[in-house]
Number of protein chains: 2
Amino acid sequence: MVSIVSVAKVAGVSNKTVSRVINGEPYVTEETRERVEKAIRDLGYVPNMAARLIRSSRSNTFGIITDYVSTTPYSVDIVRGVQDWANANGKTILMANTGGASEREIEIWKMFQSHRIDGVLYITMFHRIVDPETGDVSIPTVMINCRPQTHELLPSIEPDDYQGAQDLTRYLLDRGHRKIGYIRLNPILLGAQLRLDAFRKTAGDFGLAESDLSIRLGMEGPVGAEKNYVFAVATEMLQQKDRPTAIMSGNDEMTIQIYIAAMALGLRIPEDVSIVGFDDFRTVSLALKPELTTAALPYYDLGQEGAELLNGVVAGSKARPSSRVVPCKLVERTSVCSLEPRTSGRFDL
Amino acid sequence: MVSIVSVAKVAGVSNKTVSRVINGEPYVTEETRERVEKAIRDLGYVPNMAARLIRSSRSNTFGIITDYVSTTPYSVDIVRGVQDWANANGKTILMANTGGASEREIEIWKMFQSHRIDGVLYITMFHRIVDPETGDVSIPTVMINCRPQTHELLPSIEPDDYQGAQDLTRYLLDRGHRKIGYIRLNPILLGAQLRLDAFRKTAGDFGLAESDLSIRLGMEGPVGAEKNYVFAVATEMLQQKDRPTAIMSGNDEMTIQIYIAAMALGLRIPEDVSIVGFDDFRTVSLALKPELTTAALPYYDLGQEGAELLNGVVAGSKARPSSRVVPCKLVERTSVCSLEPRTSGRFDL
DNA sequence: GAAAAATATGTCGACGTTGTCATGCGTCTA
DNA sequence: TAGACGCATGACAACGTCGACATATTTTTC
């Protein structure tokens with residue numbers, strides 16, 4: 001392997017001078033610099049990170065730990081966000097996933113430590129509460145899409161499920177819907193409660209009575225093996241003589257069944273029922289016709305901001321280990337219609 | 001940072017002896033070994049990979065390059081497959097994604113080189129033909145879910161789209177379907193042609209005439225901004241007086257619209273039309289009711305086998321740079337019904 | 001019971017890089 | 001014109017690990 005020494009030899013300078021050129025340090029003549037650069041090109045020299053690390057003990061590397069339950073396919077956008085940030089800032093990414101096994105997790109932390117990682121991003125594939133099994137390893141850590149339960153407060157970045165559901169509810173209210181159905185997400189998901197709370201509160205604040213809201217459970221049970229009531233619940237909801245004019249659902253996946261239930265009853269969307277989803281699973285939200293109005297989880301941004309935050313922590317900013325929250329974005333498509341002249345301004349900013 | 005030297009000091013032996021213990025070399029007394037191990041535990045010593053690499057110039061690290069068009073959400077299972085293999089075999093994974101930019105790609109290869117990566121897995125998120133932009137870097141490489149176009153033949157691992165479509169077609173024929181509709185995938189996808197060919201050939205071999213097959217284009221245009229005719233095409237197909245008894249579609253995403261089209265026409269699935277998909281996007285195939293019979297792409301296996309193959313290449317097995325193909329798996333659910341007593345054995349193994 | 005073999009441990013240097021310090025040279029200041 | 005200063009470069013050590021080799025101790029062999 002061609003090293004700094006061979007370059008130095010070819011360029012006729014000392015290895016320290018080559019080092020200076022590589023790192024853009026001052027005090028090198030233009031002429032020397034060019035000679036060295038030519039030698040580098042000619043030899044195809046590439047600096048050896050391992051050697052660099054061994055001297056400076058800064059690896060410029062972040063580790064990513066994921067749990068990787070791939071039921072929520074778009075959450076990998078978090079990783080993409082991190083990678084893009086890392087790329088833009090000259091960091092390297094080491095990746096590992098636990099598959100849920102906690103012995104595995106301990107190994108991973110050891111592995112990270114042995115690579116002298118600068119910091120760790122602990123990423124879960126759905127929004128939840130977890131406690132990282134760090135073993136006795138301590139490396140600066142930021143949690144993304146999850147939050148620690150116990151004492152040891154690690155900074156975390158989470159999606160704002162509450163605000164997302166609030167926006168969707170307002171969107172429906174704004175368009176004149178006064179009887180709204182809500183089919184709930186599996187309650188073991190952290191987002192489920194937040195979204196439901198937002199829905200209730202927002203509708204309540206607007207003046208709707210609890211009787212205007214039909215709130216029903218759509219799924220329950222362990223992730224990956226849940227019981228699914230969505231089709232039945234939606235069918236029932238839509239058969240009431242006083243049926244809702246709009247249905248909100250826990251996520252886009254559930255929405256497919258609501259669509260099918262509606263169509264099976266001969267109802268048109270959005271003329272007869274308006275429907276909104278949550279998550280913006282694009283395989284679903286764009287494939288449904290009419291395309292689905294939904295709230296996009298800010299996965300990519302979570303990744304970017306998480307990396308940014310971790311970088312701050314590593315650099316030593318004594319940042320309060322607070323939990324930051326990133327807003328969801330309402331994606332307006334064509335699954336909702338206005339029932340009456342828009343009651344404008346009611347919820348405008 | 002605690003190093004081998006501090007351990008040696010505590011244990012009262014030379015650093016070489018510590019090294020021996022760490023690497024499980026012979027010629028160490030049980031008693032010494034225990035003393036050293038205790039010192040390691042007490043100090044929380046973890047070997048420094050960088051230093052190890054610098055000595056042995058084997059990084060035990062694989063790099064992953066992805067293009068990361070996240071339109072095909074489950075293809076990240078490839079990465080999971082690689083990671084699990086790496087974990088089981090003590091390798092580390094460095095990840096980077098191009099986002100499609102080729103300058104970026106060249107940078108990545110440089111970066112990999114500077115980490116003295118042992119080999120590279122070049123992974124695309126949908127099945128296609130690509131030529132890696134390696135710059136002038138040469139590292140052992142295996143391509144997964146894609147295939148090189150030009151001269152420089154790199155080994156590759158691909159899903160067997162042909163066999164998958166063949167299995168699905170046989171499945172329908174076996175159940176008595178003799179008039180079958182087919183809604184084609186975007187032709188710019190490599191799988192599109194393979195799947196269509198398999199469908200045509202298999203139906204033809206069985207004795208169906210071209211007139212028994214209605215083959216229609218469902219999508220076209222650049223990935224991410226394609227034109228979508230699926231709903232219209234499906235509606236039209238199902239309105240023919242002599243309509244097909246079963247419809248195959250390019251992928252599960254398209255299938256949603258076929259379901260909706262069918263329901264809108266008052267047709268029941270599978271009693272009036274049977275439907276099969278392709279890909280097993282579980283957000284869709286499990287969410288549709290009735291659940292969708294489809295062919296699962298072997299993403300996870302692609303990852304595993306790719307890593308395995310790369311390992312062989314790195315170890316120097318002069319393996320022919322052949323293209324290996326991994327079978328798709330038919331996932332039987334409830335979207336297909338039998339039209340007549342099963343013509344058993346026709347296609348049995 | 002001496003030579004040979006097997007076992008147990010240590011010394012030293014090298015991997016590729018960069019930080020520290022030293023040196024050489026030209027230019028400015030008083 | 002001597003001393004001070006700024007710039008350009010080099011010599012050398014050190015980071016943590018392990019391979020090559022050397023040495024010391026025990027066991028086996030005939």
- Message: My understanding is that only residues two or more places apart in sequence, or in another chain, count here; which of them pass side chain to side chain donor-acceptor pair (under 3.5 Å) with B/Ser3?
- Response: none
- Item | Set of residues satisfying salt bridge (charged side-chain N to carboxylate O under 4.0 Å, His left out) with respect to B/Arg33, sequence neighbours excluded | none
- Query: How would you list, by chain and number, every residue that makes a salt bridge (charged side-chain N to carboxylate O under 4.0 Å, His left out) with B/Glu105, sequence neighbours excluded?
  - Reply: none
- Residues at least two apart in sequence or cross-chain that pass salt bridge (charged side-chain N to carboxylate O under 4.0 Å, His left out) with B/Glu103, listed by chain then number, are none
- Message: For a 4.0 angstrom threshold against heavy atoms of chain B, report the outermost contacting nucleotides of DNA chain D in 5' to 3' order.
- Response: D/dG16 to D/dA20
- Examine distances only and state if a side-chain atom of A/Asp118 and a backbone atom of A/Asn60 form a donor-acceptor pair shorter than 3.5 Å. yes
- When the distance from CG of A/Leu53 to C1' of C/dG19 is rounded to whole Å, what number comes out? 15 Å
Would you mind writing out the side-chain donor-acceptor pairs for residues 110-117 of chain A within the sub-3.5 Å range, not counting sequence neighbours?
from, atom 1, to, atom 2, distance (Å)
A/Ser114, OG, A/Met111, O, 3.0
A/His115, NE2, B/Thr92, OG1, 3.3
A/Arg116, NH1, A/Gln113, O, 3.0
A/Arg116, NH2, B/Val46, O, 3.4

- Rounding to the nearest 10°, end axes of the helix from C/dG1-D/dC30 to C/dA30-D/dT1 built from five pairs each make an angle of 40°
- Query: Base, backbone or nothing for each nucleotide of nucleotides 8-13 of chain C, written B, S, -, heavy atoms under 4.0 angstrom, 5' to 3'?
  - Reply: BBBB-B
- Message: Could you tell me how far apart A/Arg52 (CZ) and C/dT18 (P) are, to the nearest whole angstrom?
- Response: 5 Å
- Return the set of residues passing side chain to side chain donor-acceptor pair (under 3.5 Å) with B/Glu305 (not counting sequence neighbours), or none when no residue passes. B/Arg324
- Task: With sequence neighbours left out, write down each residue that passes side chain to side chain donor-acceptor pair (under 3.5 Å) with B/Asn89, or none if nothing qualifies.
- Result: none
- Query: With sequence neighbours left out, what residues match A/Glu158 under salt bridge (charged side-chain N to carboxylate O under 4.0 Å, His left out)?
  - Reply: A/Arg147
- Query: When all nucleic acid strands are considered with a 4.0 Å heavy-atom cut-off, which category describes B/Ser3: base, sugar-phosphate, or nothing?
  - Reply: sugar-phosphate
- Item | Pairs touching residues 5-27 of chain A that satisfy salt bridge (charged side-chain N to carboxylate O under 4.0 Å, His left out), sequence neighbours left out | none
- Note on the structure: Atom CG of A/Asn23 and atom P of C/dT20 are separated, to the nearest Å, by 14 Å
